[in-house]
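Heads up: the structure comes next, in structure tokens.
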Amino acid sequence: MELPLPVKLFRFLQDEVGLPAAEIATAERLLERLEPQQPAYAPNLMPIVLWQYGLLNLEQLDRVFDWLETAQ
């Protein structure tokens, strides 16, 4: 059974980018406040939230978008 995209993104952010789970969880909560009409988890918006709050640099942001492009 294939994992849902949000789960794969979470793992990628932890394992490949090196973000702690607590930072990812913080970004999820921020995303829920910013976009309450979006589905519970919008993988395409998560990298932007992480970058806006200084949790990703531009190189990491580009890497995440490249990964999302191939993961979908």
Less than 4.5 Å apart, any side-chain heavy atom of L19 and any of Q14?
no

Minimum heavy-atom separation for V49 to A27, with atom names?
CG1-O, 3.8 Å

Is the shortest side-chain heavy-atom distance between T26 and R29 below 4.5 Å?
yes

Looking at every heavy atom in both V17 and Q60, which two are closest together, and how far apart are they?
CG1-NE2, 3.7 Å

Determine whether R63 and F12 make a side-chain contact, defined as any pair of heavy atoms from C-beta on separated by less than 4.5 Å.
yes

If you look at every heavy atom in N44 and F65, which pair is closest and at what distance?
O-CE2, 4.0 Å

M46 vs L13 side-chain heavy atoms within contact, under 4.5 Å:
yes

Using 0.5 Å steps for rounding, measure from the CG atom of L50 to the CG atom of N57.
11.5 Å

Value for CG (L55) from CD1 (I24), rounded to nearest 0.5 Å, stands at 9.5 Å

If you draw a 6.0 Å radius around CH2 in W67, do more than 12 non-hydrogen atoms from other residues or ligands fall strictly inside?
yes

Close side-chain approach of P6 and L9, heavy atoms under 4.5 Å:
no

Taken in chain and number order and not counting sequence neighbours, the residues that satisfy salt bridge (charged side-chain N to carboxylate O under 4.0 Å, His left out) with E2 are K8

Can R11 and E16 be counted as an ion pair, charged N to O under 4.0 angstrom?
no

For the student: nearest non-hydrogen atoms of P47 and L56, plus distance:
O-CD1, 3.9 Å

Is it true that, when you exclude Y53 itself, more than 12 heavy atoms of the residues, nucleotides or ligands shown sit nearer than 6.0 Å to its OH?
no

